[in-house]
Amino acid sequence: MTQTTTPVRPKRAAKPNGQWKIDGPAPLNATEEMKASDNGLNVRARIEEIYAVNGFDSIDPEDLHGRFRWWGLYTQRAQGIPGGKTATLSPEELEDRYFMLRVRIDGGALSTEQLRVIGQISTEFARDTADLTDRQNVQLHWVDIVDVPEIWRRLESVGLHTTEACGDVPRVILGSPVAGIAKDEIIDPTPVIAEISRRYIGNPEFSNLPRKYKTAISGHPNQDVVHEINDFALIGIVHPELGPGYDLWVGGGLSSNPRLGERLGVFVTQDEAADVWEGVTSIFRDYGYRRLRNRARLKFLLADWGTEKFRRILEEEYLGRALPSIDPGPQPTEPGDHSGVHEQKDGKFFVGLTPDVGRVSGTKLTALADLLESHGSYRLRTTPHQKILALDLDESQIQDFVGNARALGLEAFPGLLKRSAIACTGIEFCKLAIVDTKNTTIDAVKEIESRLADHEGKLPKALSLHVNGCPNSCARVQTADLGFKGQLITNDAGEQVSGFQVHLGGTLAGFENGEASLGRTVRGLKVEADKLPDYVERVVKNYSAHADEGESFAA
Ligand code: SF4
């Protein structure tokens, strides 16, 4: 009897992921084609020579919706377009003829001269808008393309720029806002931030990455740069034999498939930090996935490789040497937002000021520059918590300065909610937004704080409240005690209204005393935007009634 065998079907070759080192450089989607056909950095010449001269209608759509980002420019949302139901609109219907312009501030370090220039640009060219972002940038709105070359000229005259403020590039480098001034600093990251910026920002070798690439560097024990959600992070640590240096983290990121970064277990010295940045960023450029945009961040490669393989490739293929190993350092015990008044290592003081969810204005920034200088201070920092630190104040000036800053709406001693509330751009200007964020949060915080006034002493030590205008995570909702993600929801009357999906219990090191963890989506728990104060009040009062002494909110 002859035996019949089932033919073995040949194994289908796995689809290429668009990894340059493995699959070659052929573009696998429209965005990769756009990037391959002309480097995003090259659009600057066209903006200066053609688009700013001939106006908005002269802009090539591929530049408008692609390469403009490489210079910090996005079209803003057309006014009056309601949230949701925008899928049927063409880009022309959804977008305005004006731009958001992101000013890149590596390490958040500004002089009062630079602050004044940003303030004046805002009042002259951006209808007095200015938002401090949670990545230490300043965003302006209502910018007309014809004014962009003059804005660049003014920014660059004081050492500021918008290079690679958006796009598939190394974005702004988050840096400890107290770098070089904190009494308890482990190591000052200022030289590393400057070196990375000098060598690699605006460098065509690193201006076509698979996706955005976020860097954070801090030498402060509070770990004040939300390092767990960055692609590359260096956190100050002391090696028992080699002294102060950094602990390397890679592969953090939110939005789709949120994932906290992981330690590679290596010690990086100050001198080799920029080379290590180059090595990790080169891995991302060469091995990162480019086929699907929503699987392109470094976190997906790390998830497939694991930390052991990632470290081996870094050391063997890119650095040509092994890095020393190091065990984890201690967890921070204080919030990393630097709110309030603190003594610097030189005996002067810095003051952490909180505006309402990062919202300021050109007028306010100019007034702050005047205020600082009138108190003998010429330096400030922006922070990843949408705050401003005023540096170098004499102790005798503090009381007067704090009072005058309060009159500008910048609070040194904010209430629990105002201190930790952050909100993304939202429906005012963002084309992806579904709901309003800034004004909703400002109003909600005021209302909640007044309702909780008689609960002083029973409230948690820290409570983060983050509000996003859509399912993306620009305001880091998964890392907040109370995270709200904008969406349309159906109210009791069956109407579609602005609301939020609730996330609970997220935390990052540096804001709570404990391990970082991502918050959980509470299925079915949605809150109408105008009922946000009721919901938060209920949750906080419930916490106050049941928490044990010293128990954090996230616990
Ligand atoms: Fe826009 Fe959404 Fe980001 Fe908010 S979270 S800024 S609405 S993309």
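Predicted model, so just to flag it, every value in this text is computed and none were measured. Atoms within each ligand, like the ligands themselves, are counted from 1 in listed order.
For the pair R285 and F206, the cation-pi criterion (under 6.0 Å, within 45° of the ring axis) is fulfilled. In this structure, R127 is positioned above the aromatic face of Y98, its NZ or CZ under 6.0 Å from the six-membered ring centre and within 45° of the axis.
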Intermediate values then yes/no, salt bridge (Lys or Arg N to Asp or Glu O under 4.0 Å), R381 and D224
CA-CA 13 Å; R381 304 271 166 84; D224 47 8; over 6 Å; no
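With sequence neighbours excluded, the residues satisfying side chain to side chain contact (heavy atoms under 4.5 Å, CB included) with T75 are F56, L64, E95, F99, K431.
For residues 482-501, the set of pairs meeting the salt bridge (Lys or Arg N to Asp or Glu O under 4.0 Å) definition, not counting sequence neighbours, is empty. Each salt bridge (Lys or Arg N to Asp or Glu O under 4.0 Å) pair with one or both residues in residues 70-80, not counting sequence neighbours, would appear here, but there are none.
The tally of protein N/O/S atoms under 2.8 Å from atom 3 (Fe) of ligand 1 stands at 1.
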